[in-house]
Novice: 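Here it is, the structure, as structure tokens.
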Number of protein chains: 2
Amino acid sequence: MTTVEPTVEAPGRDRILDEAATLFLEHGYEAASIRRIAEAVGMRAASIYHHFNSKEDLLEAILRRGLEVMTVAFGEASTATLGAPGPERLAAHVRAHLAALYENGPYTATHVTTFRTAPQSVRATIVPQRDAYEVLWTSLLDDLVTSGLLAPDTAVGPARLMLLGGMNASVEWFDPHLGSLDDLSELITRQTLYGLSNPMTD
Amino acid sequence: MTTVEPTVEAPGRDRILDEAATLFLEHGYEAASIRRIAEAVGMRAASIYHHFNSKEDLLEAILRRGLEVMTVAFGEASTATLGAPGPERLAAHVRAHLAALYENGPYTATHVTTFRTAPQSVRATIVPQRDAYEVLWTSLLDDLVTSGLLAPDTAVGPARLMLLGGMNASVEWFDPHLGSLDDLSELITRQTLYGLSNPMTD
DNA sequence: TTGCCTACCTAACGTTCGTTAGGTAGACTT
DNA sequence: AAGTCTACCTAACGAACGTTAGGTAGGCAA
């Protein structure tokens, strides 16, 4: 719901972040050169260094912003569904994560696609913030086990990884201009909770 | 079960493919230079060009091999479970895909992590073979709907994308040296079919 | 024995990379 | 009016990139 980025016509530093994130997302970190980023922004390569100390700093800022978008979205979903029934709470958080991926600029999508192959030094500085986001999900799933929605023997660790992995993997095929984000959220939530099997014969 | 690659001590061309796939997987296509690949193999950069016409050709060969490993594994699972009950068939194919990811060299893992950001010309030549693999999964899921295992109103397209996406996403966190591939297969199959919800209260 | 083929090598090419040094035009401050 | 700061610029650096030309040593064929 909350739109973090205007995406168009942001000045200076934010324009660079926008265009760099878009190019990192599409071609990867190494393949997107400072000169191509600068060209997309409409300036010269050297001018980038007025705003960022290095290409790695630029990547780090983008990864951090992506994580921030996710974290804020998670928090909003949490406060919005305090005391709500389990399925509704899960659905809201799924929807929030997907909104972070598709509706708040390229930062989150760039994070999930670029983090794995980012330079080690960049990854290291991001890891704590990333772990914190995963803890949020772990707590949520723990709560849902406690409340009885999820099976008591649920392996919360793998379940979290699979749920996040499945949502993140959707950036490879889901196009928010073609499909509805609400439909996708509902599909993922329902499938996560109840699976694909035929309830009639089960 | 079938091991396609000896992985160690393969001569010439195969050694190059092995080391290149490993480096592409770890750092991405652009970040892994011909010189670093050659160094890993134990030869000079120019010697790579005795075996491949270009870096893009090398990538294409790796992506193709990854797809071939997947396709062969799928076929073996299919023939091995002809006439078997639905859950068993699905489990076998899940296990086959995961084995392709983790037990047959870095080719399949490189494919799933590198394809999206590969140069457009390389992607274009791979797409038909990739589509063919997806058709295999679509047919399998269609069969499972027909046989009554999956709900009649299952959206097979999204279901396939989520299942494959979830399995592929596991390369970000699953380590076959730490966890059992059979356990992971069983977890994914069960979660795909029945979800996480508590069967007692449902 | 000669000649070819395979599998490498050294050396170098032009290009692009990230990055730095130093300059400038305009706005804002004093 | 003078000085300072911001946001860019041109020009250039050394390093690394993919790639090519041309050479060589060993095995195999005639």
Novice: Starting at atom CG of A/L58, determine the distance to atom P of C/dC17, rounded to an integer number of angstrom.
Specialist: 15 Å

Novice: Can you check the A/I37 CD1 to C/dC17 P distance for me, whole Å?
Specialist: 10 Å

Novice: Do B/L98 and B/F174 have side-chain heavy atoms sitting under 4.5 Å apart?
Specialist: no

Novice: Any idea which of C/dC9, D/dC9, C/dA7 is nearest the B/H50 side chain?
Specialist: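 For the B/H50 side chain, the nearest candidate turns out to be C/dA7.
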
Novice: Is there a salt bridge (charged side-chain N to carboxylate O under 4.0 Å, His left out) between A/E19 and A/R15? Walk through the geometry before answering.
Specialist: CA-CA 6 Å; A/E19 299 294 345; A/R15 266 301 299 287; 3.4 Å; yes

Novice: Indicate yes or no: does B/D18 engage B/R13 in a salt bridge with an N to O separation below 4.0 Å.
Specialist: no

Novice: Summarise protein proximity over nucleotides 16-29 of chain D in one line of letters, 5' to 3': B for base, S for sugar-phosphate only, - for none, counting protein heavy atoms closer than 4.0 Å.
Specialist: -BBBBB--------

Novice: I want to check one thing: is the phosphate of C/dT10, taken as OP1 and OP2, less than 4.0 Å away from some side-chain N or O of B/R44?
Specialist: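 For C/dT10, OP1 or OP2 has a side-chain N or O of B/R44 closer than 4.0 Å.
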
Novice: For the residue pair B/R130 and B/H111, confirm or rule out a side-chain donor-acceptor distance under 3.5 Å.
Specialist: yes

Novice: Using whole Å, what does the distance between atom P of nucleotide C/dT6 and atom CE of B/M43 come to?
Specialist: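 In whole Å, C/dT6 P and B/M43 CE are 16 Å from each other.
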
Novice: Under 4.0 Å from OP1 or OP2 of C/dC8: is there any side-chain N or O of B/H51 that close?
Specialist: yes

Novice: Is the closest basic N to carboxylate O distance between A/R65 and A/E60 below 4.0 Å?
Specialist: no

Novice: So do the side chains of B/L163 and A/L196 get within less than 4.5 Å of each other, counting heavy atoms only?
Specialist: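 A side-chain contact under 4.5 Å is absent here.
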
Novice: Closer than 4.0 Å, any side-chain N/O of B/S47 to the OP1 or OP2 of C/dA7?
Specialist: no

